[in-house]
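First the structure, in the form of structure tokens, and then the observations on it.
Proteins come first, then strands; the chains are lettered A, B, ... in the order of their sequence lines, and each starts at number 1. What you see is a predicted model; the values in this text were computed from it and never measured.
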Amino acid sequence: MIAWKRCTRMAASTKSPAHRDAAVGAPLPHDSAHLHVTGRASYTDDLPEPRRLLHLAVGMSTVPHARLAAIDLSEVRSSPGVVDVCLADDITGENNCGPIVADDPIFAVDEVMYAGQSIFAVAALTVDAARKAARRAKIEYDELDAILDPLTAVDRKSFVLPSETMVRGDPKAALAAAPHRVSRRIYVGGQDQFYLEGHVAMAIPQDDNCLLIYSSTQHPDEVQALVAHATNRRASDVTVICRRMGGAFGGKESQAALIACVAAVASDKTRRPCKLRLDRDDDMIMTGKRHDFVIDYDVGFDDTGRILGIDFEMASRCGMSADLSGPVNDRAMFSCDNAYFLENVRILSHRCKTNTVSNTAFRGFGGPQGMFGIEYAIEDIARQLGKDPLDVRRRNFYGKTDRNVTHYQQTVEDNIIDEIFDQLLASSDYESRRAEISAFNKNSAILKRGIAITPVKFGISFTNTLLNQAGALVHVYKDGTVQLNHGGTEMGQGLYIKVAQVVADEFQIDLERIRIMATDTCKVPNASATAASSGADMNGMAAKKAAGKIRRRMTEFAARHFSVPEADIEWKNNGVRAGDTELSFTEFVQLAWANRVPLSATGFYKTPKINYDRSTFSGRPFFYFAYGAAVTEVVVDTLTGENRTLRVDILHDCGRSLNPAVDLGQIEGGYVQGLGWLTTEELVWNDRGQLATHAPSTYKIPTCSDLAPDFRVEIMQSVANTEDTIYRSKAVGEPPLMLALSAFHAIRDAIASDTNPMPDLRAPATPESILNALGTDAA
Amino acid sequence: MTDRTTVRFVLDGEIVEIRDVDPTRTVLQYLREDLGRKGSKEGCAEGDCGACTVVIAELVDGDRVGVRAINSCIQFLPTLDGKELITVESLSPEDELHPAQDAMIQNHGSQCGFCTPGFVMSMYALYETNGNPGRREIDDALAGNLCRCTGYRPIIAAVTRMYAAARPASPERAQLLSKLKNEASLRIEHKGRQFFAPQDVDELASLVKRYPDATILAGGTDIGLWVTKQHRELDTVIYTGRVAKLQTVAVTESHIDIGAAAILSDAVPTLVQHYPGLDEMFRRFASPPIRNAGTLGGNIANGSPIGDSMAALMVLDTSLVLRRGDVEREILLQDFYHDYMVNDLQTGEFLLRIKVPLPTGDAIVRSHKWSKRFDQDISAVCTAYRLQLDDNVVVSFRMACGGLAATVRSAANTEAAVNGKQWNEATINSACQALAMDFSPITDMRASADIRLRATQNLLRRFYAETLDDRLETVYTYGR
């Protein structure tokens, strides 16, 4: 046989029990790494299938907007292997899977609002049979006028939610008085999450009309609630479980509900277990993506490049329903300062209703688009003044003691962007490389290089304050092992291992003793989505509190039992010392159990300090900010528009990292995902309103060769979070994605020339986009 | 000799025999649904993401065992006949890990883990075939595997470091594989559908003549999608992959002779050896798992207007040998395509061999691929040129383009604008004007019509620049 090296499950396992290193702060592998590499990690579609399971496929609208004149499913029903079909009429409860506004039907009724909208589901004996049958539907449409882009929606005042305005200072007057001014319209594309595991859910009928759902979801609680509503059940009758997702990136925050609701409705109708796993194309056509934005800005500034006043008008493609578009667009408004003090600013945000798929969460959640606007403006200011954009950036950074209040009235108390820039500029050798690049470009007609440094300041917390709560449930068993449950979900980001590290240190035990459990609505109720980068902050704290409760009880017990002061009880090295008595953790647990000490506890955490009034767009929406910066150098072929990153230097702030290996992975992966958003990943809708890029053959996320040959990423050392977060760490899920803005501006730097100093480059910067920006005279 | 009706292959050291198999059941469906081996994942079911990657071992040149990674999601089960299937589960039947797996753990190469089994299998294939890959080779080897989480840095690190561990003993594969050697042809009937895997050309010819409506299956990298995406039912399939004589790549005195069923991974090195200017295009042609299954003959016979090989083969005056029954005929590739997906093949006729003339004189041959992404993308435009100069006067200029019309075809006006002229910027400018007469491209998801044409003109300009400076770099070679 092929052979063989002993499995080293975790680095920590080799440590001798006499000395236990802290788990928190250690660069431990992902808790499932050994399962990932052997193919033994079970994703939802890998779970053992119950007997009599039916497989589902969804019949979708092929037109963007129409009255449903007739639905003939006779050939679907008679297709081989088909058991049943489900339409809107088969929904016993509410026909809705919208997370905030009830405007997202599970199955269309009377009218379809986008090409890809679900109309019916077919249940069959095999996946193949279901998918073949779904194609045999005969649906007649009376087509209606369709709005296919955000600008048309603005013209026609077609919005999913009212437009919002934030104002600080007197931007109009500041703009009028400014010595220099630039205005332009910029475009930034959307992005498909392209999680490798597509959407999937399996519904299994349980005793007394209860329902068990296995769902690939970032938000089991919401799936539970929406399935309960759709099937006329109480929340307590629905259980939702997710052990892991094969990626999510926001795409399984609200969108998983549709898939689970379809499975639940079909299961109720057929009284059999039902599974819906979307084919990749259907997944991309049917489910929401990052919003594309059109941003008009008008900026006034002085000779030094300092911004005096700025006006943003943003229009985003929300699609046919509200979904999460409200908070996404709010965050775009919050993020349009990035790291810069905007004294006089107005932001007008339109949430455009279009006859396209309803857009949703994607890592950054509006933040990337907001930052795209201000970074473009900063670059234009520099180019108009003939300055290095670096200098204009520094000129506008938030101050530490003054110029430190955001446009939504939150004081920036933890600003370290200057320190990050100083360190990164030195380590990346920015100045001399810029000079060398200029010299190169003078002598190179076709290939041009460019370089840019961009900052990130990203607010951490759900902007809807009530969502900032989390729960955990910890059990200690008589054999000295621990089960860890919390409301956060694992999508690859390493949340489970980070929280386990926290609990291991709380009990001073090895990680091997901790069994990390699937996220399960039975264990922790009412959990918020694992989103907004807040998973480790909130669930880590909740789990620490749960474990801390048990530890507290055991400590109190030991003080009584051994008649020693609590101060003389020490937890260390998989055991406890109580005065002169030393016990292993297992012995101690058994003793506590025998003395009837409760060994199970819940923990609850709510993020402190935050307080935000949406009606005035002011207050403190964010507990703290995470910071970072990146320098990217690119080479562009000015004949073909093809481009490539050559070198990337990143310095990113994770506070005191809970797990530097996991955090490094988030930073690197976030950057490359952002690079895809801004370069190769292009969503194209045809003039019939159909998504033309709905598979990896046509939608191009980065591959291995797109990683810069010189890629240097560092975590900012020894900067504790100024706020009292879990071990003073910082959230890291979303912020690094926006570091890739440096790549976009490096491309723009490369193609800027004396005759075209401010090229009109649209994102994504595909070869086509770059050729357009270069203009015809470049050829 | 009577035909066999059983598909036989090796899995985990055992010979597996399957009867009554659905001929278009994919290897991935078989693994996940029939065997419950859930390690291989479905990410796209079209051979573009690599989550389903498995490795095939087979005897080559008699007794040597060759291994190659393929996409199990579009490979039909009967095509495994005579081969060994190696899946992620095969690498660690006990609690012990292959160095590729261990290196992925130690270097934090997995996050969500869904793509990981596929990466591990591509790494395993690389491990078995290349002892010390550089970054370019690693990029090439992993071009067919998408990861959405890591950004690839830790995976590249894992590949580099997997060689540090002690090399595991290679399992004995040749002996079992040799037991599968069988001269009989394979013939499967399943619910009124048929699958033939003939052993020799004559038998193939008679089958194709007898079943003129049959689907001729080679690598299945396109036909696989007819089944997984279009849900077509193929009544009769004739598989060319067991016809040894169709898989040869030979160099004669006048030409490179490529069997219609030779996989791209076998055909390309010889082509690039003789025409180094085609290296970048072929490097960007699909991905290793696709090139390990797909054939040059399939690319040509399928005749997609965005097929990457045909522009280059056209400017080289490649000819095709076609066969119908006992009759062979030869046709220039240039004359083979009539219209969108319509070619010169007659009923009952099939592609036998591809004849690529060897280089003559000091002609410059190049091909450019233009797409959104470097690796594993479909061309928006693909161009190829063959230029023969005499004292800077153009003796002969050939140019062909894909992605600009209903078929890949020559740029006749452009060629005319260049032939006989001085090879200079003025000539190139008039050639660019002529390109606009040659092609009226369309807008689709890959590029819009006007940019397609402009890019093509610029690619021609780039070719001109490359002829003046053979060290001129592309963004893909720069800084590497």
Before you tell me yes or no, could you show the steps for B:Asp375 and A:Cys704 under side chain to side chain contact (heavy atoms under 4.5 Å, CB included), namely the whole-Å CA-CA distance, both residues' side-chain angles and the distance that decides it to 0.1 Å?
CA-CA 9 Å; B:Asp375 271 317; A:Cys704 198; over 6 Å; no
Kindly indicate, with the supporting measurements, whether the criterion side chain to side chain contact (heavy atoms under 4.5 Å, CB included) is fulfilled by A:Leu771 and B:Arg454.
CA-CA 9 Å; A:Leu771 288 184; B:Arg454 211 168 105 208; 3.7 Å; yes
Part of A:Phe249 lying under 4.5 Å from any heavy atom of chain B
side chain
Using a 4.5 angstrom heavy-atom cutoff, name the option from B:Glu89, B:Lys229, B:Met104 with the most pairs to chain A.
B:Lys229
Chain B contact via A:Ala708 - side chain, backbone, both or neither, heavy atoms under 4.5 Å:
backbone
Chain B contact via A:Asn772 - which portion, at a heavy-atom distance below 4.5 Å
both
Atom group of B:Phe119 that falls short of 4.5 Å from chain A, counting heavy atoms:
neither
Heavy atoms only, distances under 4.5 angstrom: which of A:Asp279, A:Thr766, A:Leu675, A:Ile446 has the most pairs with chain B? Name it, please.
A:Asp279
Closest approach of A:Val37 to B:Val88 (non-hydrogen atoms, all atoms of both residues):
O-CG2, 3.4 Å
Roughly how far apart are B:Glu42 CD and A:Arg280 CZ, rounded to 0.5 Å?
9.0 Å
Polar contact flag, side-chain donor to acceptor under 3.5 angstrom, A:His36-B:Ser110
yes
Which answer fits B:Arg135, side chain, backbone, both or neither, if we ask what part of it has an atom under 4.5 Å from a heavy atom of chain A?
side chain
Atom group of B:Leu472 that falls short of 4.5 Å from chain A, counting heavy atoms:
side chain
Is the terminal nitrogen or CZ of A:Arg644 (NZ for Lys, CZ for Arg) located under 6.0 angstrom from the six-membered ring centre of B:Tyr478 and within 45° of that ring's axis?
no
Largest heavy-atom contact set with chain A, pairs under 4.5 Å, which of B:Ile156, B:Asp377, B:Val227:
B:Asp377
Under 4.5 Å from any heavy atom of chain B, what part of A:Leu646 do you find: side chain, backbone, both or neither?
side chain
Is B:Arg25 in contact with chain A via its backbone, its side chain, both, or neither, using a 4.5 Å heavy-atom distance?
neither
Name the region of A:Ile701, side chain, backbone, both or neither, that has any atom closer than 4.5 Å to a heavy atom of chain B.
both
Measuring heavy-atom distances to chain A, does B:Arg32 have an atom under 4.5 Å in its side chain, in its backbone, in both, or in neither?
side chain
Can you tell which part of B:Cys147 gets under 4.5 Å to a heavy atom of chain A, answering side chain, backbone, both or neither?
backbone
Applying a strict 4.5 Å limit to non-hydrogen atoms, the region of B:Leu146 in contact with chain A is both
Give, as side chain, backbone, both or neither, the part of A:Asn643 having an atom under 4.5 angstrom from any heavy atom of chain B.
backbone
Please report the interatomic distance OG1(B:Thr443) to CG(A:Asn686), rounded to the nearest 0.5 Å.
11.5 Å
What part of B:Arg462 gets closer than 4.5 Å to chain A, counting heavy atoms only: side chain, backbone, both or neither?
both
Check each atom of A:Leu664 against the heavy atoms of chain B and say whether the ones under 4.5 Å are side chain, backbone, both or neither.
side chain
If you tally heavy-atom pairs under 4.5 Å against chain B, which of A:Leu683, A:Thr679, A:Val672, A:Val127 wins?
A:Val672
Donor on one side chain, acceptor on other, A:Thr38 and B:Gln101, under 3.5 Å:
no
Out of B:Thr150, B:Val120, B:Asn107, which one racks up the most heavy-atom pairs below 4.5 Å with chain A?
B:Thr150
Could you tell me which portion of A:Asp710 (side chain, backbone, both or neither) has an atom closer than 4.5 angstrom to a non-hydrogen atom of chain B?
neither
With a 4.5 angstrom heavy-atom cut-off, which part of B:Gln457 approaches chain A: side chain, backbone, both or neither?
neither
To the nearest 0.5 Å, how far apart are CG in B:Asn145 and OG1 in A:Thr703?
10.0 Å
Please name the pair of heavy atoms, one in A:Arg135 and one in B:Gln230, separated by the smallest distance, quoted to 0.1 Å.
NH2-O, 3.6 Å
Got a donor-acceptor contact below 3.5 angstrom from the A:Tyr43 side chain to the B:Gly113 backbone?
yes
Contact part of A:Ala41 toward chain B, heavy-atom cut-off under 4.5 Å: side chain, backbone, both or neither?
backbone
Shortest non-hydrogen contact between B:Arg446 and A:Glu768, atoms and distance
O-OE1, 4.4 Å
Could you go through A:Glu681 and B:Arg148, starting from their C-alpha distance and side-chain angles, then the distance that decides it, and tell me whether this counts as salt bridge (Lys or Arg N to Asp or Glu O under 4.0 Å)?
CA-CA 12 Å; A:Glu681 293 180 40; B:Arg148 191 54 152 166; 2.7 Å; yes
Where do A:Thr680 and B:Lys372 come nearest, in terms of heavy atoms and distance?
CG2-O, 3.3 Å
Between A:Phe711 and B:Tyr152, does the ring centre distance come in under 6.0 Å?
no
Answer with side chain, backbone, both or neither: which region of B:Ser448 has an atom nearer than 4.5 Å to a non-hydrogen atom of chain A?
both
Between B:Lys38 and A:Asp45, is a salt bridge (Lys or Arg N to Asp or Glu O under 4.0 Å) present by the stated rule, with each step listed?
CA-CA 9 Å; B:Lys38 306 276 191 173; A:Asp45 190 47; 5.5 Å; no
Between B:Thr87 and chain A, which part of the residue has a heavy atom less than 4.5 Å away: side chain, backbone, both or neither?
neither
Contact summary for B:Phe114 and A:Gly246, nearest pair of heavy atoms
CB-CA, 3.8 Å
With a 4.5 angstrom heavy-atom cut-off, is it the side chain or the backbone of A:Arg647 that approaches chain B, or both, or neither?
neither
Any chance you could measure B:Ser371, atom OG, to A:Lys700, atom NZ, to the nearest 0.5 Å?
8.0 Å
Answer key: most heavy-atom pairs under 4.5 Å with chain A among B:Glu33, B:Arg136, B:Glu233, B:Arg37 is B:Glu233
Which distance, rounded to the nearest 0.5 Å, do you find between the OG of A:Ser705 and the CZ of B:Arg284?
9.0 Å
Which heavy-atom pair separates B:Val475 from A:Val636 by the least distance, and what is that distance?
CG1-C, 3.8 Å
Is chain A contacted by the side chain of B:Ala143, its backbone, both, or neither, given a heavy-atom distance below 4.5 Å?
backbone
Surrounding CD of A:Glu436 (heavy atoms of other residues, nucleotides or ligands, distance under 6.0 Å), is the total greater than 12?
yes
